[in-house]
Amino acid sequence: MNGRKRAAIKASTSIVPAVNQESPILPCRILLLPRRTIYEILARLPIKTLFQCRSVCKRFLCFISDPEFAKLQLSKSQVCILIKTQPLQNASKRLQLAHVESSGSNFQVSKLNFTPKSNLPTIDISHMNACNGLLCLVGSEKDYNFYVCNPILGEFITIQPPYKDIQRGSFWGLGYSTMMDQYKVLQSYYPVVESNNRYVTAEIYTIGTGSWRSIGNAPIDTVAMPFNAFLNDTLHWFPCTPNGSEFIHTFDFYSEKFGTLPPPDHFREDDKKFTNYSRIGVLGGCLFMIYFTNSTRFDIWVMKEYGVKETWTKQFVVENLYPKQGSWDFYEPMVVLNNGEILMLYNNDAVVCYNQKRKNLRGTKFFRTRSQFDATAYTPSLVSLNNIAKGEQISRMQVTKDYDKLCTDEFQDCVDCGVQLVNPICSFPPFGVPYGTVNYHNFQADMFGRNSESRCAACMDRRVAPAKSFLSLWNM
């Protein structure tokens with residue numbers, strides 16, 4: 001053995017840790033912060049990461065299960081793209097969610113797959129729309145029910161229609177009233193009584209009441225909901241009729257009334273015939289509509305102040321569109337990225353990106369599907385139906401039930417390292433379950449004041465350093 005190897009062995013064997021050396025006990029620093037500060041930190045995490053944080057410790061599980069935190073997280077959550085493919089034979093049962101961020105000229109895409117038995121009810125999905133963190137699904141023609149769900153939590157309720165075996169109208173949708181703090185489902189129907197005047201009636205269902213109410217007549221125009229239709233407690237859409245009636249139709253979920261909004265001043269009566277090619281929606285918290293000047297260019301007009309006609313402003317100009325012979329293509333703006341690029345749905349079979357500086361379009365490969373697909377704006381949330389649909393039967397996926405079963409056992413954490421103790425003495429609610437059985441005021445005081453002296457055997461006997469804490473949040 002040469003001298004270098006002997007020196008290396010001697011140096012390695014000389015470093016022997018002291019057996020009884022005490023290490024300082026360091027608490028999980030993030031738990032020493034005020035509850036509101038912890039909520040602000042957690043609410044900024046991506047939904048996938050936040051969902052995984054439930055397993056960090058029971059205190060994080062308590063934070064994330066709090067309805068107050070769910071509202072805060074929803075207010076900070078970003079709009080994602082939710083798609084449903086259109087197979088040629090069978091309706092789709094799976095949904096795919098994508099959150100897109102820009103990094104220079106590149107994209108960062110985070111995806112989640114929503115599947116039956118894990119996130120969604122086991123139905124053939126024909127239509128969907130979303131509002132305020134919840135998703136509304138409509139089944140096939142044989143299934144007349146509505147399904148309102150939170151696919152992140154794996155919860156859903158089934159809403160039976162007010163009438164069966166009658167023809168549905170073209171208008172339906174999920175909405176939310178901020179003033180009333182209520183979610184509602186709107187549906188139109190053709191009356192059973194035959195008449196020369198073919199009118200449509202509207203019914204509304206307030207989630208949590210268990211009953212439908214008639215609100216009078218509804219527009220007879222054929223409706224195709226845009227990618228993002230909801231703003232200011234109101235749904236917005238263009239009527240899909242050959243001649244058109246009005247540019248922008250609305251339904252206010254607070255007043256429960258249909259209405260219209262005025263277009264920009266330069267829109268003429270002749271422009272109504274092009275509403276089949278135009279689109280409406282929400283970008284950056286403002287209502288927008290696109291106006292084709294010719295087959296290779298369109299303008300995006302934005303209503304800066306909602307409901308005020310004079311605030312319509314030409315915000316973007318999209319040029320050098322893809323050439324197509326025979327007819328115009330369909331473009332629908334979805335999201336404006338941080339670098340100013342605009343993601344658009346193209347002919348319901350691709351997502352393209354428009355660069356405003358270079359004035360060109362480029363394709364993306366966010367969704368690799370072999371057929372066309374429907375897309376809707378969905379804001380992932382932790383809003384639980386247990387806090388919204390009280391009194392209704394809430395179905396939960398088996399995966400979620402199994403997880404909650406593990407969380408319903410009584411437990412107590414070590415105040416130093418945070419590990420679960422062998423002999424638990426207190427109880428916590430499972431994720432997504434309402435707070436009816438636990439006195440959280442006293443628990444919060446104990447949690448932040450650290451009045452309990454319960455420690456695990458390792459911390460009591462050997463006084464070792466605590467296990468690695470979840471400090472990545474602290475360093476944000």
Side-chain angles (χ1 to χ4, degrees), residues 79-102 106-115 120 124-130 135 137-141 151 170 222-229 237-238 240 274-283 288-292 294-298 300 316 318-337 341-356 358-378:
V79 174
C80 298
I81 303 172
L82 183 67
I83 71 162
K84 177 189 71 68
T85 57
Q86 298 177 0
L88 298 179
Q89 295 180 350
N90 298 324
S92 176
K93 289 183 172 66
R94 301 166 63 94
L95 303 177
Q96 191 175 54
L97 183 72
H99 175 235
V100 184
E101 290 183 332
S102 60
N106 299 322
F107 300 116
Q108 294 180 351
V109 184
S110 301
K111 291 185 179 180
L112 287 174
N113 292 318
F114 296 149
T115 59
L120 304 171
D124 293 333
I125 303 172
S126 62
H127 298 89
M128 63 178 182
N129 91 306
L135 186 64
L137 305 175
V138 176
S140 60
E141 294 181 358
S170 62
T222 303
V223 175
M225 278 294 170
F227 169 76
N228 192 351
W237 71 94
F238 274 142
C240 301
F274 296 105
T275 56
N276 287 343
Y277 302 99
S278 187
R279 289 293 183 269
I280 193 174
V282 179
L283 281 178
F288 81 89
M289 65 181 301
I290 65 175
Y291 174 76
F292 277 91
N294 54 57
S295 60
T296 61
R297 163 181 167 165
F298 64 82
I300 301 179
F316 307 103
V318 179
E319 303 177 89
N320 303 319
L321 303 179
Y322 290 147
K324 185 175 181 179
Q325 299 178 356
S327 64
W328 291 2
D329 290 329
F330 294 93
Y331 295 86
E332 184 170 8
M334 297 189 295
V335 180
V336 178
L337 301 176
E341 293 185 295
I342 306 174
L343 292 181
M344 294 185 289
L345 182 64
Y346 174 64
N347 285 343
N348 285 89
D349 58 16
V351 175
V352 298
C353 183
Y354 181 75
N355 189 301
Q356 297 186 62
R358 299 177 182 177
K359 297 183 178 180
N360 65 351
L361 286 168
R362 57 171 171 154
T364 67
K365 296 182 179 180
F366 300 155
F367 307 105
R368 298 182 180 181
T369 61
R370 297 181 180 179
S371 61
Q372 289 189 330
F373 55 85
D374 297 325
T376 190
Y378 176 65

Roughly how far, to the nearest 0.5 Å, is the OH atom of Y346 from the OH atom of Y331? 4.5 Å
Taking side chain as C-beta onward, heavy atoms only, is L343 less than 4.5 Å from L337? yes
Sub-4.5 Å side-chain heavy-atom contact between R279 and P226: no
Side chain to side chain, L95 and Y378, heavy atoms closer than 4.5 Å: no
So, taking the atom named CG in L135 and the one named CD1 in I125, what distance separates them when rounded to the nearest 0.5 Å? 7.5 Å
Euclidean distance, L120 CG relative to M128 CE, rounded to 0.5 Å: 10.0 Å
Got a sec, which residues hit side-chain contact (heavy atoms from CB on, under 4.5 Å) with V336, two or more places apart in sequence or on another chain? L283, F316, I342
Once side-chain contact (heavy atoms from CB on, under 4.5 Å) is applied, do any residues pair with T364, and if so which ones, sequence neighbours excluded? F107, V351, C353, F366
Using modelled atom types and a 3.5 Å cut-off, is there a donor and acceptor pairing between side-chain atoms of S126 and backbone atoms of V138? yes
Return yes if some donor-acceptor pair links the side-chain N/O of N348 with the main-chain N/O of F373 below 3.5 Å, else return no. yes
Take atom NZ of K359 as the centre, draw a 6.0 Å sphere, and report whether it contains more than 12 heavy atoms from other residues, nucleotides or ligands. no
What are the two closest non-hydrogen atoms of A98 and K111, and how far apart are they? CB-CG, 4.2 Å
Rounded to the nearest 0.5 Å, how far does OG1 of T376 lie from CE of M334? 10.5 Å
What's the separation between atom CG in L321 and atom CG in N360, rounded to the nearest 0.5 Å? 11.5 Å
Quick one, Y354 and N320 - any side-chain contact, counting heavy atoms below 4.5 Å? no
Roughly how far, to the nearest 0.5 Å, is the CG atom of L361 from the CD atom of E319? 10.5 Å
Quick one, V282 and V79 - any side-chain contact, counting heavy atoms below 4.5 Å? no
Mind checking salt bridge (Lys or Arg N to Asp or Glu O under 4.0 Å) for R362 and listing every partner two or more places apart, or none if nothing turns up? E341
